[in-house]
Structures are given as structure tokens and as C-alpha cells.
Amino acid sequence: MPAVWETKKPSKRLCALLASLLLTSSFAYAEAPVPLDQRLAEIREINRFIPERALPMLLKIEGEARAGSVADKADLLAELCVAYQKVGRDDKALATCDELIAFGRREKNDAAIAKGLVRKGYIKYAQSELALSHELIWEAERHALATDDVEVRVRVGVSAAEAFAEDGNFPRALEKMQAVLAYARQHGSPVHMVIVLNSLTRLYVQMREYDKGFEALDEAYVAAAKINSPGRMATLKGTEYGLAMDTGQIQRALKAQLAALSLERSIGAQSMAARSLVNLSDCYLKLHDYRNALAYGEQALAAALAIKDETAVATARVNIGQAYLASGRIVEGKRSFEEGLAIYEKNGDKPELQSVLAEYGGALERAGDQAGAIKAYHRERTLSNELFEKRRQKAMLELQEKYDADKRQRQIELLERENQVKSAEIDNRRLQQRVWWLLAVVMALVSVIVGLLYRKVRHANAQLQEKNLELKQQSVRDPLTGLYNRRHFQDFMRTHQQLEKRGVGTSDDEMVSALFLMDVDHFKHINDTWGHGAGDAVLIKIAASLREILRETDMIVRWGGEEFLAFLPAIPRSGLDEVARRLLVGIAETRIEYGNETLSAQVSIGFAPYPLAPAGQPLPWERAVNLVDMALYMAKGHGRNRAYGLRSFSSTAHASMEDIEQNLEQAWRAGMVDMSIVTAGWTDLRVSA
């Protein structure tokens, strides 16, 4: 549907108001010549919110600005960089940035160099070259600090602080941001205060210091009241939306985003309005108001298509799909969801694709499409494993690079010491030729030096051994919970193949190994309601509870995300159901203190004896884990907070293992698998469904 601001032609009075709000009065009225630097300043504010309107204005004065002062030419090139990037012409934007940097170096103008470097850093960030982006912005900061240009120092200083935050160095980011804020208080204008305080608010949100975020936002609103800029006010409203959502204040978030949308439409900021419409659709989904969620989702889709913003298009389609599914329109919902997923897949945004797949599975489950939900969950799990492996490989490469760098440094130091020894030996030979009576003293000196070198080498080797032990420990442990990680379990199972030769019998008293796979129920709800800090607290407490419930000899693994795997090396076959019951009860009774809240969590469990041996032929451990994973999803699909366990296979199961592994629940109902169902209070030992 067409956007609201496109349905009516604005009146002359409204046009005049817009001209005033956008600081374009100098272009609307030509009663007196306006200085070039003032016109560039006015265009800069328009360019921040409506680049498609600012670009023609810049091109119109390009010749005049290029022939003007160094400052005017630098301002023109900087704003052209901004405009070209925002309208999607990255090649022109990069070329203009390089021209600006070269111009600044030629004129020895630090302000011009800083402007060019920071804009190039923004472009590289948008192209996912994060490390290069940060280096460019930090180099820009060094040039900015060499100037007395308040505008440059504030804007580049904010960008440098944000780069540290993106790098995960929040203490350094906060230190930088507070320094820029102090400088803006002393030298800057209300606009500069709004810029810094808005960025500081977002930084506090990243650090989860929400009270300080609200304080900074309140001060930003006070500064914004001193300027007549709907665009700046809309930006603050958008920041308030994010802060309110993260603190669970959905109604406040809705009010702020509606206000932002109204301001954006009043100035024709289409890209900002498209993002606001997407946020409003998401907000109404969280409020379970699916009619409004669908309406705003469709508006967001139309706006995103109009500006060719693929990310906004994908998100809008996902929101529309959720609204359809929640309203019972399953076919339309799945179609819209799949269209959004296709865009994420095309763009290669796998982390976002994983998150959307998890939402897709939950929406299908709530809509009653269990088969579709399980399929979506399996797609998400496959992608999760792929991303986990890539992150592991990246971490190992980083550790190897660090180790190699340390090794090279040690080699350099040893070479320097060897050169010192050789120099000493040459001096000794010369001294021997000249002064024989000093031979004893020289030999003693050489002995002392060699002894010191030997002790230093031994000390360096001892330190290297300690570092290697630390790296080995880090490679097998999950940093959040302290449990073993998936890689360690995989290595363990590959080196313990003899375990597959036990547990083939069927006696209840027989000692077997066992696999228990657990998944925290409604974990996304915990994160959405109380934040990711609460989710981390839940995972840490559950890990501690598992250590108390299980034995010291049992291997407990953080399998990934909110999943835990337990490998019990020796247990009576008849005791598996009791272990499952203890896990259900023990975790449900665990209380997690987070802030002023007392939280609790429950898990769903899939389990089986190990090895699994249809027709007496043990399955490889990977296939056994896959069957336990399918049992876990049966527990999820049948109400959560329960355990489904594989007990044995029918006599014909070996010939039908492919069918069983394709659909465990169907195989169970067909009598091919004997399973037990365990809840916190009882155990169902029925053979068939």
C-alpha cells in the first residue's frame, strides 16, 4: 500500500514549515546571498536524514565549492561521500573519499583528512570490513585531535568510541565517549550535544546499564528542545524505542516509535520511516496485536521496496509471516516467511538467518504445524552447527596467530641475545691478543653470561609450557558455564570406540552407558523478557545444577546455545528413567537470582542407553546422538518439561533404521521403537504409542 505521506500533496504553509525545520530557508528565499559555508551547513543537516534530496543540492553548488576555500571544498567532498553512500552508490562514495583524503594531505589540512578517513571507514563497515573500518576511523581521530574544528572533533570522536564498542572494548569506548561529551559541553552546540548523548545512550544499552541510558536520553531531549530539527528528534525517539524494548517497556517503545514515524514522515525521510514501520510491526507482534502487526508490516514492505532496502524487505516479510501464522493463515504465513528467509540466504547473513529460523520454528509450533516447526528447528540446528564450527576455526586461527607472533618475538629476542654473546666473544679474542693477564676475568664473565642465558631459556620454555596448557584448557571448556564443549566430546568419543562394544543386551540390571540431551524450555522468552544477561545467568545456574544432580564421573557438555549433553559412562539400564526424572525435577526446582528477579527454568530431554544396537549391531555415536536429538524434539512437541527415552528397537528395526532416523515419532507409533515418557512426577513405560 502507498505510504501515508505520499497520499496528500502538502500545502504551501506546510512546505514553508518543512523548509524551516530542515534549515533550508536559504534555498527557499533568495532575497540576499547566503555564504557558501552556511549553505553547506544547511545541506549537511538535510543529508543526515534525506540524502536523496541533499545530493542534487550538493551537485548544484559543486563548481562553486570546488573553487572556494579549502574548508568549503573539504565540506563539499565530505557531504558528497555521505550522500553517495546513502543512495547506494558506494563506488562514487569511495572515489570521493579518496579524493578528499588526497586533497587534505596535499593541503596539509588535518580536518579534511579526518573527514575523508571517517567517511571511508563508514563505507568499509557497511561492506563488512570491520577491522579496516576501525583502523580508518582511529586514524581519523588522530588527525581530528590535531585541529580546533569542533564539528570534526565531535563527530569523529563519537565514531572512534563506537568503533571501540564494535570491537567489544566497552571500557575504552565509554572513556572515549565521555571525553567527547566533556568537550561538547565546553565547546559544542546543542546539535553536538544531541549527537554525543544519543550515541552514549546506545552505548549504555550495549553495556546493559539501562538506568544510565535513560539519564543520557533525558539530557539529549533537553538539548534537542533547543534546536528546531524533526530529524534529530526522530533519531532520539528511535533510540528510546530500542532502550524501552530492551527493558521490557513495550508500550513506551510503541509510543516512541509512533512519534518517530510521524516526525520522519513530516520531513520525507523515507529510509528512516521504513525502519520505523518495521519496528512498529515487530512491536505489535510482541503485544499480540496481529491486525496492526500485519498492517504495519505491509506498510514497511511497500516502503522498503520503494527505497530498495533488501534488509528491511526481508524483515518486513518475516513480520508479515508471523502475523499471518498467529492469525491462523498458515499457508500465507509460511510463504511470507520463506520469502524473507530467501533474502537472508541470498545476502549471506547467516547469524540473522539462524535467528529468523528459530522464530519461524516457534511461530509454526504455536500455529499447530508441528511438522513444519521440527523442519525449521532442524534447519536452524544445521546452520547453528555450521556457524559454531566457523567460530571455532576462527578462534583456533586467532590463537595460532597469537602463538606464532609470540614465538617469532621470542626468536627475535634469542637472536639478539646470541648476537650479544658473539659480540662478547669477539671482544674477548681481541682482549686475549692484547692483554693475556685478563684471560681469567674474561672467561669468568663469559661463564656468567652463558649461565644467565641458560636460565632465561629455561624460564622461557617453562612459560611456553604453561601457555600451551592454558590454551588446551580453553579449547575444551565453554567459557560461560565452565562445562566441556562439543569439540572435546567429539574427540573423546573418537578415542573411545571400545564403548560401542558394551550394552548390546537387554537386561534391566545390565550396566550401560547413556546419553541425555537437554534443551532449556522457552529460553528465547527469557532473553526477550529480561535480557541476554538473564539468559546467561540461567545457563550458568543450570550448569551448576547438572554438576550437583549428576556424578563426578559423568561428562557434562554445553552442546550449543541453550542445549546441554550428559554422557553417563556406567549406569544400570533400569535407572535411566530415574536419572531423567531427577534432571527434570532438579532443574525445575533451581532458583536463579538475577537483579531483583527470581527466575526458574525447565528443560525438555531426549535420552537413550549407549550404544544403541538395533539387531545387535551398535550404531556410531553420531547416529545415536541424532536419535536422542529427535527424542528431545518429540518432548518439545508434546508439551515440554518432559523426557522421551529410547529403550530398544523391534527385531526388524535394523532393516528399518533409515525410516526410524527420518521420523522417530512415526517409527514409535508403528511399533518399531520402544520408548519411555518421563515427567517430573511419573514415568510412562508403555511399549507403543
Go through the steps for Leu364 and Leu325 under the test side-chain contact (heavy atoms from CB on, under 4.5 Å), then give the verdict. CA-CA 7 Å; Leu364 288 171; Leu325 289 175; 4.0 Å; yes
Quick one, His522 with Gln602, criterion side-chain contact (heavy atoms from CB on, under 4.5 Å). Give me CA distance, side-chain angles, the key distance, then yes/no. CA-CA 8 Å; His522 303 296; Gln602 297 173 340; 5.9 Å; no
Apply the test side chain to side chain donor-acceptor pair (under 3.5 Å) to residues Asn279 and Asp282: give CA-CA distance (whole Å), side-chain angles for both, the deciding distance (0.1 Å), then the verdict. CA-CA 5 Å; Asn279 288 341; Asp282 185 65; over 6 Å; no
Evaluation steps, side-chain contact (heavy atoms from CB on, under 4.5 Å), between Arg208 and Tyr210: CA-CA 5 Å; Arg208 299 179 185 174; Tyr210 301 118; 3.6 Å; yes
Begin with the C-alpha distance, continue with both residues' side-chain angles, and end with the deciding distance and a verdict on side-chain contact (heavy atoms from CB on, under 4.5 Å) for Met245 and Lys286. CA-CA 10 Å; Met245 289 296 288; Lys286 288 181 170 58; 3.2 Å; yes
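Partners of Val313 under the side-chain contact (heavy atoms from CB on, under 4.5 Å) rule, at least two apart in sequence or in another chain, are Leu301, Ala304, Leu305, Arg317, Ile343. By the side-chain contact (heavy atoms from CB on, under 4.5 Å) test, Ala580 is found to be paired with Phe516, Phe607, Ala643, Val678, residues two or more places apart in sequence or in another chain being considered. Residues that satisfy the ring pair (Phe, Tyr, Trp, His ring centres under 6.0 Å) test with Tyr284, not counting sequence neighbours, are Tyr296.
One finds a salt bridge joining Asp521 and Lys636 here, because a Lys/Arg side-chain nitrogen approaches an Asp/Glu carboxylate oxygen to under 4.0 Å. A salt bridge does not link Arg494 with Glu622: every distance from a Lys NZ or Arg NE/NH1/NH2 to an Asp or Glu carboxylate oxygen is 4.0 Å or more. Ion pairing of Arg647 with Asp577 is absent here, as no side-chain N (NZ or NE/NH1/NH2) approaches a carboxylate O to less than 4.0 Å. Salt-bridge annotation for Glu578 and Arg581: present, with a side-chain N of the basic residue lying under 4.0 Å from a carboxylate O of the acidic one. In this structure, Lys334 does not pair ionically with Glu338, as no charged nitrogen and carboxylate oxygen lie closer than 4.0 Å.
Side-chain contact check for Ile571 versus Val512: some heavy-atom pair is nearer than 4.5 Å. Counting heavy atoms from C-beta on, the side chains of Tyr324 and Leu294 come closer than 4.5 Å. Proximity of Phe492 to Val557: side-chain heavy atoms (C-beta onward) are nowhere separated by under 4.5 Å. A 4.5 Å side-chain heavy-atom check between Leu583 and Ile605 finds at least one atom pair inside the cut-off. You'll find the side chain of Met672 stays beyond 4.5 Å of the side chain of Gln666, heavy atoms only. Residues Asp674 and Phe649 have side chains not in contact (no heavy-atom distance under 4.5 Å, counting atoms from C-beta outward). In this structure, the side chains of Tyr204 and Gln206 stay at 4.5 Å or more apart for every pair of heavy atoms. Inter-residue side-chain proximity for Gln251 and Leu254 is flagged as met; some heavy-atom pair is nearer than 4.5 Å.
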Donor-acceptor list for residues 534-547 side chains, cut-off 3.5 Å, not counting sequence neighbours:
from: Ser545; atom 1: OG; to: Lys541; atom 2: O; distance (Å): 3.1
from: Ser545; atom 1: OG; to: Thr590; atom 2: OG1; distance (Å): 2.9
from: Arg547; atom 1: NH2; to: Thr481; atom 2: O; distance (Å): 2.7

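Looking only at atom types and distance, the side chain of Glu665 has a donor-acceptor partner in the side chain of His638 under 3.5 Å away. A donor atom on one side chain and an acceptor atom on the other are not found under 3.5 Å apart for Glu365 and Gln370. At a cut-off of 3.5 Å, with distance as the only test, a side-chain donor of Tyr344 or Thr315 sits close to an acceptor on the other residue. Inspection of the Asn626 and Asp629 side chains reveals no N or O donor paired with an N or O acceptor under 3.5 Å.
Using a distance-only test at 3.5 Å, with no hydrogens or angles considered, no donor-acceptor pair links the side chain of Ser281 to the main chain of Leu277.
Under the ring-ring contact (aromatic ring centres under 6.0 Å, His included) criterion, the residue pairs touching residues 358-380 are Phe337-Tyr360, Tyr377-Tyr633, His378-Tyr633, with sequence neighbours excluded. Residue pairs meeting the salt bridge (charged side-chain N to carboxylate O under 4.0 Å, His left out) criterion with at least one partner in residues 552-572, sequence neighbours excluded, are Arg381-Glu563, Asp478-Arg558, Arg551-Asp554.
The aromatic rings of Tyr484 and His488 sit parallel to each other, their planes meeting at less than 30°, with 60° as the upper class boundary.
Within 6.0 Å of OH in Tyr290 there are more than 12 heavy atoms belonging to other residues, nucleotides or ligands.
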